[in-house]
Each structure stands twice: as structure tokens, then as C-alpha cells.
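Below: the structure, in C-alpha cells.
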Amino acid sequence: MKEVLQKHKQYLLTGVSHVIPFIACGGILIALSVTYAFKFHLVNQHGAPDFTQAPWLVKSMMEIGVKAFELFPAVLAGFIAYGMAGKPGLVPGFVGGFIAAVPQVVGDRNASAGFLGALIIGLIAGHVVNAIKKIPTPKIFRPIMPIIVLPILSTLLVGLTMLLLNMPIAKIMVGLGHFLEEMQGSSKVLLALLLGAMIAFDMGGPVNKAAFFFGSAMIQQGNYTIMGACAAAICTPPLGLGLATLIGKKIWSNEQRESGLAALGMGMIGITEGAIPFAAADPFRVIPSIVLGSMVAAVTAMLGGVGDPAPHGGPIVLPVVSNRLMFVLAIALGAVVTAVSINLLKQRAESSTTPAPQGQS
Amino acid sequence: MKIVAVTACPTGIAHTYMAAEQLEKTAKKLGHDIKVETQGAMGIENELSPQDISGADVAILATDIAVEMIERFNHVQKIQIPVQAALKNPEAVFAQIKRA
């Protein structure tokens, strides 16, 4: 059972790894053109950006970004199925995901099954292809299996399934959207705390990626604040640990101070993995410290209304972030909290006589 | 021992390369001959040739996602591990080979 789950996680991550550049490209192009529209008051009577008067380049950037986003569910589902069933998985996965991207009318809104639909249909497509592959075929029919039977049969089955699933999943997506928009005060804080903790907990591992991918998927749904909270939390573990080696020179070895500098560099470009060398050496003190710092950063960013249209974190995304001052404040607070807590924990350990706990996180 | 390895993490910008480095460093320390292919965000780098693979005693697949061109490894003994395992405790990975 555990192995089956492990395998499915691998399939999902295969899809995610292929779709991240699409979100980056679409998110940043759209954000830049929308920023331009607001800056030069190109808005319609509802206050939404209006590109009819915008320069050709700005209008085109918007259009290109939107196209990259429209491909998102297709690519995600396509490569989930590819990870699972190899080349024959691509057709049903892409077509199923493409259907999931078609907007549905739910009440007074347009919504598509989007990323959730794509995740589900990608897995279904992989299973369908693998099942069809197992059907015993006489030798003379074998050549037509991969070019005729497999693509048509699998895509027909997967396509029909997705057409049936479209509406129910779109309804869930609209519900999720309502839920996130209506979240106020305490529940917003709770979500940010959870995201921050997940981001720091395994420093770029699967738990971190789950939170990161939730934020990325919400970008495609037009909600940038989830990623805003993640973006602040992503960079504070390496930044905080690097800061700790700078302010507490005596309690860190020369070697650790050197990796502290490297961690600062990685933090600036939003790579949580920079914290790993510290966490591997002393998991029971480092991990709680970075989890605490990232939670602080995520909550500050969430309450400050920080929006990040790029699926990446750290000071490097500052140019595209909204509410920049709050973003910087969130990162600074998180880093300081991490630095102070790890230094206090370390000092206490050194003054007591008990040996440091050993082991892996 | 001659070893080939593939590393790949979902984002493909940090873990993939850190794991490759760990495997190379540890192999050198233990006196093994190793070539590591990375399948990161830039695509396949330091690609393993068919000769590399057929000449290897074992292939280490340190991946959290599906390996590109997995069929290349059909005829060699494989060890599948998560990327984290290569990062955190590379020596244990090599110990696993000796037992296998």
C-alpha cells in the first residue's frame, strides 16, 4: 500500500515538474502587463484592466501569458500520465487535461476544473493506458496497438470521463475560491501558519512541494496571496540560519559560518534547500527554528496582503510582488525569528552537559 | 566498482544537483568509479551513454519523479531511492549496494 502511494506521488510530481515553467512564464507575463495597465489607468468601468488602449507589446504579453496558463492543465495531466504509462500516456493525458481547462458556468461564475481536474484525469489516464496495455493481443494485431487502438480507445475513455467530471470538479473549484476569498482574520492566519510550517519542514522535499504547488495552482485561479505567503516562507530558513551564523559568531564553527554565507545566497534566490546542511547536522534544533520563522513570515505576508504571481519565493521575486514593503518585512521578521531561536537553542545546549541528540529528521 | 546514477527532483534546480554532488563525493571517498546524470529543469545533463550503462555494475536512481528514458536501465541492476536519501545519508546508499 505504502509503495502504491509512493509511486502515485512520483507520478504527480512528474507532472508538477513539467508544469512549473508554464506557471512561471504565464504568471509573470500576466502580472507585468496587469501592473502596467493599473499604472497607466487602463481600466474599464468595473475597475478591471482594459488592454484595448495598451501598447502592442503589453497587450501581447497578456495574451501570451494567458496562453501559457491555458496549457497548464493539459501539460500537468499529460505528464502525470507520461510518468505513469510512458509515451502512450501523453495523448489521453493531454486531451483529458485540455478538456479540464474548458470553462464551465457555475452559478454566476465561469470556472474550469483546472488543476484539480488535471491531477485526477492525469492519474486516470495513466491507469487506463496501463490497463489497455495488459489486454492480450494476437501477434498480427500487435503493430496496430500503439498507433491505433491504444491512443483512440484510451483517449475516448479518458475524454468521456473528463466531460462527466468537468461540472462537479468546477463546482468544487468555485467553492474553494469562495472559501479562500471569504477567509478572514483567524482562518487566514491558520492557513498561513500551516503553509509556512509545511514550506520549512522538509526544506524543498515533498511536504514543501505540496504547499508550494497549492500556492502555484492558486496563481492560475487568479489568487496571488497564497503564493505570497509561501514566497516569504520559502526564503526564511536559509536566510535565518545564515543570519544566525553572522550574529552568533562564537557558537558556530568556521565551516558552519562558511555554509552560512552560502545559505544567505540561496535564501536571496528563494532556495529553501540552502538550510539542509544545517538541518542534517542538528535536525532537532534547526527544524523547529526554521518552521517557526517560516510561520511568522507566512502570517505577516498573508495579513499584509502580499501577492506573488510567480511560482517562486525569496527576495528575487520582489519586482513582481504586490505590497513589497510587507513582503520585505515578512522576510526580515521570519529570518530574525529563525536566527534568534536557533542561537538560543544552541547556546542552551552548549551550557548544559547533556549530549546533543543525534539522528535524522 | 563501476556505478552509474541518475538524480531528479520535482523542481530540478537544487536537490537534483546537490544529490549528484553527494553521490560523486561519497563514491570518490569509497573508491568507486561513478558517473551521475542529472535530469533537472535544464533537461538531461552529463548524459549516460549506452556504454556507460552496460559497463556499470549497478545503477542508482535517486529520483522523486519518473526517470527519462528508463528503458536504458532494463539490463542493469537498479537501486531506486528518494532524492533525500542521497542527500542526507549517501554512505548508507552505497552500503545498500554491497548488500544487494
Side-chain angles (χ1 to χ4, degrees), chain A residues 3 6-21 23-24 79-87 89 126 202-210 212-213 216 234 238 262-263 265-267 269-277 279-281 283 311-314 316 359-361, chain B residues 5-26 29 36-45 59-75 78-96 100:
Chain A
E3 200 171 317
Q6 186 75 27
K7 280 270 169 216
H8 278 76
K9 195 179 81 194
Q10 201 174 59
Y11 306 143
L12 291 177
L13 288 176
T14 305
V16 170
S17 83
H18 284 87
V19 90
I20 287 172
I23 311 176
F79 281 98
I80 290 171
Y82 172 77
M84 204 163 172
K87 231 181 263 174
D202 60 353
M203 298 154 285
V207 179
N208 164 296
K209 285 289 171 292
F212 168 77
F213 187 62
S216 309
I234 279 170
M266 294 223 241
I269 55 172
I271 295 179
T272 321
E273 283 88 338
I276 290 179
H312 197 79
I316 195 174
Q360 297 288 328
S361 59
Chain B
V6 176
T7 60
C9 68
T11 324
I13 54 175
H15 272 153
T16 302
Y17 301 98
M18 288 159 78
E21 206 176 296
Q22 283 292 340
L23 289 176
E24 278 164 2
K25 224 163 63 188
T26 315
K29 202 167 97 191
V36 186
E37 170 179 305
T38 52
Q39 299 186 352
M42 295 297 292
I44 295 179
E45 289 167 283
I60 301 173
L61 306 177
T63 61
D64 289 339
I65 57 176
V67 177
E68 297 274 343
M69 300 193 285
I70 184 83
E71 60 279 2
R72 291 178 296 171
F73 300 97
N74 280 351
H75 302 292
K78 289 184 284 284
I79 296 181
Q80 171 74 58
I81 53 166
V83 175
Q84 292 279 353
L87 274 181
K88 283 195 179 149
N89 203 348
E91 309 224 348
V93 176
F94 286 92
Q96 203 180 331

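To find a chain, count down the sequence lines: A is the first, B the second, and so on, and within it residues start at 1.
Applying the side chain to side chain contact (heavy atoms under 4.5 Å, CB included) test to B:Ala8 and every residue at least two apart in sequence or in another chain returns B:Gln39, B:Thr63, B:Ile65. Under the side chain to side chain contact (heavy atoms under 4.5 Å, CB included) criterion, B:Tyr17 pairs with B:Thr38, B:Met42, B:Glu45, not counting sequence neighbours.
For A:Ile276, the part sitting under 4.5 Å from any heavy atom of chain B is the side chain, from C-beta outward, and nothing else. When heavy atoms are compared at a cutoff of 4.5 Å, B:Gln22 does not approach chain A at all. With a threshold of 4.5 angstrom between heavy atoms, B:Ile70 does not approach chain A through any atom at all.
Using the six-membered ring where Trp is involved, A:Tyr82 and A:His18 have ring planes that are perpendicular, over 60° apart on the 30 and 60° scheme.
Ranked by heavy-atom pairs shorter than 4.5 Å toward chain A, the options B:Ala14, B:Ala66, B:Cys9 are led by B:Ala66.
In this structure a side-chain-to-backbone donor-acceptor pair under 3.5 Å is present from A:Asp202 to A:Val207.
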